[in-house]
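See below for the structure under consideration.
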Amino acid sequence: YALSGSVWKKRTLTWRVHSFPQSSALSQEMVRTLMHHALATWGVESGLKFQEVGFQSPTEPDIVIDFARAYHQDSYPFDGQGGTLAHAFFPGEHAISGDTHFDDEEIWTYGSKDGEGTDLFAVAVHEFGHALGLGHSSAPDSIMRPFYQGPVGDPHKYRLSQDDREGLQQLYGKVPQIPDDKPTRKPLAPPPPPPTPPPDSPSLPTPDRCEGNFDAIANIRGETFFFKGPWFWRVQPSGQLVSPRPARLHRFWEGLPAGVKVIQAAYARPRDRGILLFSGPQFWVFQERQLEGAPRPLTELGLPAGEQVDAVFSWPLNGKTYLIRGGRYWRYDEAAARPDPGYPRDLSLWEGAPDAPDDVTVSNAGDTYFFKGAHYWRFPKGSVKAESDSPQPMGPKWLDCPAPSAGPRSPR
Amino acid sequence: RAQEPSAQDVSLGVDWLTRYGYLPPPHPAQAQLQSPAKLRDAIKVMQRFAGLPETGLLDPVTMATMHRPRCSLPDVLGAAELVRRRRRRRR
């Protein structure tokens, strides 16, 4: 067996079938049942629990299952019938971690006698092995062999090979064996319908990144984070969106109090690589993803008591951090670790900059970007004068969105 | 003597082996030399994953296997821990 090097910290994982095969003979009920049993195959050997959540669930499931065709916005485009059948992403904190994609152009079957089509249960067991952290195996009887080996028989009788069990237990430990405890399996009945959340829990549809109007934007370790409500997107230095689906704010920034609903500004502090998230009159300091200490008042950075910020950025040219509220800004000296005297000043000193920007950040190339609504203003490296063609629409340049003049976005 | 693979088969084979992690991705600046021994070893590992005789050659059955339905993920995960039962058995 092979371990991917990543593993889920928790022992209960949520899942949902987000899209179903378009042309398969399998009903949606049967697809859900097969997924339920494929996950249960790993659960009985590891003590992991899997919970199906419905569409209205307030939390994004850990494992989102899709049937997709060709290029489907990740780095593994499918190739039509045959060839590549499916893939899954290893455990982690990205929105896409754990997600499992099946090629919708395959003929997905269950229990077909003549070997026709591709057995969905067998492939699902394999892919969920990846979603739990296993790589491919060369062991003769392993389900994690890279090539499709045909159906594996009856889902509620199927048991993982020793090689797969050993790999799984490397990741999640052994299941405490109670003497008469045999891995049991419920009869192949459709799983109970996903639990509907209590009526009062808000259903949180994920926001549309192409609308702009972000709460905060920051360049953190070369990646650009776009915060909106309890979500955020990440853009890698290459300009590639990590995932079109946003990640959960509170799941990634460990220790951020649940009461913090909106991040108003963010920046990475040059001197100690701390990451500061601002909300209301306070800010929180993170090292990597862990919160460090208690929230701090904005007065520490030179703002009057009770004041809040719209935008914060650190300018490498002078080592100063700019804290913007409305049409004014304060300045903080990172090296001296104290506010500069003689502030606030008028934001018009940044020629062309919009008042009350959503946030400001400095790109890896050293240019300064003011963001507001669905537009950005670019200040070339070292300049305090916006480029003459500012503002520009931010979607196409930053977030893999169609140009604003284009028609409504193509359906998923 | 096993039939020599055609140039096209070698090219397709190397692409396939690179895609699934058996060979390092090509680097235009280094044009790193792919020694025949490295290519042979990569083919042997692929044949082990596929349950084929480990000849180290791009023979017809190996080429045909590269077209079989499979998972998109690479087989060799770089630095990931790769534990072989054989090593465990020896221990």
Contacting region of A:Glu106 [heavy-atom separation from chain B under 4.5 Å]: neither

Exam field: side chain B:Thr65 to backbone B:Val61, donor-acceptor pair closer than 3.5 Å: yes

Worked check of side chain to side chain contact (heavy atoms under 4.5 Å, CB included) between A:Met30 and A:Tyr110: CA-CA 9 Å; A:Met30 179 50 82; A:Tyr110 154 55; 3.9 Å; yes

Pair A:His101 and A:His72, ring centroids less than 6.0 Å apart: yes

Contacts with chain B made by residues 78-90 of chain A (heavy-atom distance under 4.5 Å), listed by residue number: A:Phe78, A:Gly83, A:Thr84, A:Leu85, A:Ala86, A:His87, A:Ala88, A:Phe90

Part of A:Pro140 within contact of chain B (heavy atom distance under 4.5 Å): neither

A:Glu52/A:Thr14 under side-chain hydrogen bond (donor to acceptor under 3.5 Å, both in side chains): CA gap, chis, key distance, verdict: CA-CA 6 Å; A:Glu52 186 181 12; A:Thr14 53; over 6 Å; no

Trace of the side-chain hydrogen bond (donor to acceptor under 3.5 Å, both in side chains) decision for B:Thr18 with B:Asp15: CA-CA 5 Å; B:Thr18 305; B:Asp15 285 351; 5.5 Å; no

Residue A:Ser137 versus chain B: region with a heavy atom under 4.5 Å: backbone

Residues forming a ring pair (Phe, Tyr, Trp, His ring centres under 6.0 Å) with B:Tyr20, sequence neighbours excluded: B:Trp16

Test of ring centre spacing under 6.0 Å for A:Phe20 and A:Phe67: no

